[in-house]
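What follows is a set of notes on a single structure, which appears directly below.
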Amino acid sequence: MPLKTISGTGRTCSISSVFITFSLLCILPLSFFFFLSNPRSTPPQNLLNKLQISENSIKVYISELPRSLNYGLLETYWALPSDSRLGSEVDNEIRKTLLSKTSKKFPPYPENPLIKQYSAEYWIMGDLLTPEELKKESLAKRVFDFREADVVFVPFFATLSAEMQLGVNKGVFRKKVVENEDYQRQKMVVDLVKKSEAWLRSGGRDHVFVLTDPVAMWHVREEIAPAVLLVVDFGGWYRVDSKGSNDNSSDMIHHTQVSLLKDVIIPYTHLLPRLQISENKKRHTLLYFKGAKRRHRGGLVREKLWDLLVNEPGVVMEEGFPNATGKEQSVRGMRTSEFCLHPAGDTPTSCRLFDAIQSLCIPVIVSDDIELPFEGIVDYAKFSVFVAVSDALRPNWLVSHLRSYSDEQKNRFRRNMAQVQPVFDYDNGHPGGIGPLPTNGAVNHIWKKVLQKLPLIKEAIVRERRKPSGVSVPLRCHCT
C-alpha cells in the first residue's frame, strides 16, 4: 500500500506539472499581447520620459505688439536723465557707468527695488524669446501661429509702464488724460490685442497678461478681465470689484475680474541674495521686521502689531526701505533672526516673504486674505507659521507662541525652506533673460500653473461659442 500511494502521487504530480506547463505556455503569449495592446500599461522608460516632456509643455504664441511697449520702454527708462524717487540711486549709477556696456537689443531691467520686485514680466518674456535649441528645460514652447497655441502671451511691460508714469508725473496717474502716458500705452495694447484674430477667436480667455504691480493696467482692467492674469495677489483688485457690486458687505468678494480658477498667483522677485542651508549660523533674534509702519487698508493691522511688539525682548522692528543701506540691514536682520514677520501692507503680500525664504528666516504670516504662489505644488505650512490677525493682536500672544517652537521644529522648517528656495528664482543669469532656464525656477512653475488652467480655458471658449447671438453673460467670473 505505501508503495502504491507513492507511485500514485508521482503520477498525479506528473500530470499536474504537464497541465501547469501547458497553461503557462498558453497564458504567456496572451499576456504579452494584452500588455502591448493595453494603452494603460507602463511604457519603456525612455518613452515615458518623452511623454512627460510632451505632456508638460505649453505652446505659447506671442501677440504682435510694437517694441515700444516692452524693450523700447526699457530704452526710454534708461534714457531718462535721472530718477529722484527713493531707491533710484542704483539705477542712476547704472546710467552713468554700466549702460554703454549692456545689450542694446535687450536692456537690463531696473534695479530700483520699487520696480525690480515686479520684474516677472521681463524674465517670462526673455524665456519666450530664447532660441528653441537653448530652451530644453523650459515648459513654454513658442509657436508662430496662434492657431497652434495653447495660450497667447501679451508682451506688454505693464508694471514698468505704470512705474515710469508714477516717477515722471504721478499727479495724472489715475486720470484718463493725454498727459498720462501709461494710460495711452494701456489703450494702445487693448486696441491692438482686441482687434486681433486671436482675441476674436477666444474672447481673450486664452490670453496671458503679466500684472505684478497692483496698479498695472489700472484703467483697462475690465476690458482684459476674461484673460489669464498673472498677479502677485488679489489685493489691488478687491476694491475695484466691490464698486460693481450692490452688496455692501466688505467681506464678500465678487470675482468679476479675478479668480483662482482662471488667474495665477506668481511670486515677487526677491531682493536679497540666497543663503544656503550650509551657511546658516546660530540666530540670536526671535522675530524681525523691516518696512514702513503705516500702510493703508489691510496694512492698518501692521501699525497695531508694531505698537504691540516694538518693545518686546528678542523682537526687532525697523522702519526703512530696501535701498543700498536698507538692503544691508535687511540681510543682516533676516539672517540673524529665527522668524520674520509678514503682516499685510497695502496688499496682502509683499516681496518681504520671498526675501525671508531666501534668508532661511521662518515666515510668520499675519494676513487673513493672503493668496500664495504655486499652492498645490508648494506647501507653505511646512516652513511657515500662519497666524490669524485676531490672535496676533492679542497682547503677548504672538511672542509666546513663537517661543513655543523647539529647535528641532525650527531646523526642520529651515531644511524645508532650503528645498523650495529655487522655486522663487526668476533670474537665469543671462543678459536680458535670453538663455537656458533653471528647470525648477519661477518661470517654469508659472507656466505649469497656466498649463493646469487649460482645460477650464478651453471649456470656457467652447461654451461661449455655442451661445446664440444676443445672449448676455451674467456678471461673474469670466472663466465660467
Run the salt bridge (charged side-chain N to carboxylate O under 4.0 Å, His left out) test on Asp206 and Lys458 for me, step by step, so that the C-alpha distance in whole Å, both residues' side-chain angles and the decisive distance to 0.1 Å come before the verdict.
CA-CA 8 Å; Asp206 58 356; Lys458 292 176 179 178; over 6 Å; no
Spell out, as yes or no, whether a donor-acceptor pair under 3.5 Å connects the side chain of [X] to the backbone of [Y].
X	Y	value
Glu223	Val220	no
Ser202	Gly204	yes
Arg335	Leu360	no
Lys262	Leu229	no
Glu121	Thr159	yes
Trp218	Phe173	no
Asn416	Phe383	no
Glu163	Ile115	no

How long is the gap from [atom1] on [X] to [atom2] on [Y], to the nearest 0.5 Å?
X	Y	atom1	atom2	result
Glu75	Lys105	CD	NZ	11.5 Å
Lys176	Asn180	NZ	CG	10.5 Å
Glu132	Lys135	CD	NZ	5.5 Å
Ile446	Ile58	CD1	CD1	12.0 Å
Asn70	Tyr122	CG	OH	11.5 Å
Leu129	Ile124	CG	CD1	12.0 Å

Lys/Arg N to Asp/Glu carboxylate O, [X] vs [Y], below 4.0 Å:
X	Y	result
Lys453	Asp263	no
Lys410	Asp407	yes
Glu459	Arg205	no

Could you tell me how the ring of Trp306 sits relative to the ring of Phe289: parallel (under 30°), tilted (30 to 60°) or perpendicular (over 60°)?
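The arrangement is perpendicular - the two ring planes meet at more than 60°.
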Flag this pair as yes if the NZ/CZ of Arg95 is under 6.0 angstrom from the six-membered ring centre of Tyr77 and inside a 45 degree cone about the axis; otherwise no.
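Yes, a cation-pi geometry.
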Does [X] have any side chain to side chain donor-acceptor pair (under 3.5 Å) partners at least two apart in sequence or in another chain, and if so, which?
X	answer
Glu111	Lys116
Tyr268	none
Tyr183	none

Might you work through the side-chain contact (heavy atoms from CB on, under 4.5 Å) test for Gln117 and Phe354, ending with a clear yes or no?
CA-CA 10 Å; Gln117 64 180 334; Phe354 307 99; over 6 Å; no
Heavy-atom closest contact ([X] atom, [Y] atom, distance):
X	Y	answer
Arg185	Ser161	NE-OG, 2.7 Å
Met164	Thr76	CE-CG2, 3.7 Å
Ala292	Arg302	O-NH1, 2.8 Å
Ser138	Asn444	CA-OD1, 3.5 Å
Lys141	Ser57	CG-CB, 3.8 Å

Just list the side-chain donor-acceptor pairs under 3.5 Å for residues 387-398, sequence neighbours left out, or say none.
from, atom 1, to, atom 2, distance (Å)
Asp391, OD1, Arg394, NH1, 3.0

What pairs with [X] under salt bridge (Lys or Arg N to Asp or Glu O under 4.0 Å), at least two apart in sequence or on another chain?
X	answer
Glu408	Arg412, Arg415
Lys448	none
Asp368	none
Glu93	none

Would you be so kind as to tabulate the donor-acceptor pairs closer than 3.5 Å made by side chains of residues 374-381, with sequence neighbours excluded?
from, atom 1, to, atom 2, distance (Å)
Asp379, OD1, Ala381, N, 3.1
Tyr380, OH, Pro373, O, 2.5

Atom pairs and distances, donor-acceptor, side-chain atoms in residues 418-439, under 3.5 Å, two or more places apart:
from, atom 1, to, atom 2, distance (Å)
Gln421, NE2, Leu275, O, 3.1
Gln421, NE2, Ile357, O, 3.2
Gln421, NE2, Gln358, O, 3.1
Asp425, OD1, His270, NE2, 2.5
Asp425, OD2, Arg274, NH2, 2.4
Tyr426, OH, Pro267, O, 2.6
Asp427, OD1, Gly429, N, 2.7
Asn428, OD1, His430, N, 3.0
Asn428, ND2, Gly433, O, 3.0
Asn428, ND2, Gly435, O, 3.4
Thr439, OG1, Glu137, OE1, 2.6

Residue pairs passing the disulfide (SG to SG under 2.5 Å) test where at least one lies in residues 361-457, sequence neighbours excluded
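Qualifying pairs, neighbours excluded: Cys340-Cys361.
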What donor-acceptor contacts under 3.5 angstrom involve side-chain atoms of residues 149-157, with partners at least two apart or in another chain?
from, atom 1, to, atom 2, distance (Å)
Asp150, OD2, Lys59, N, 2.8

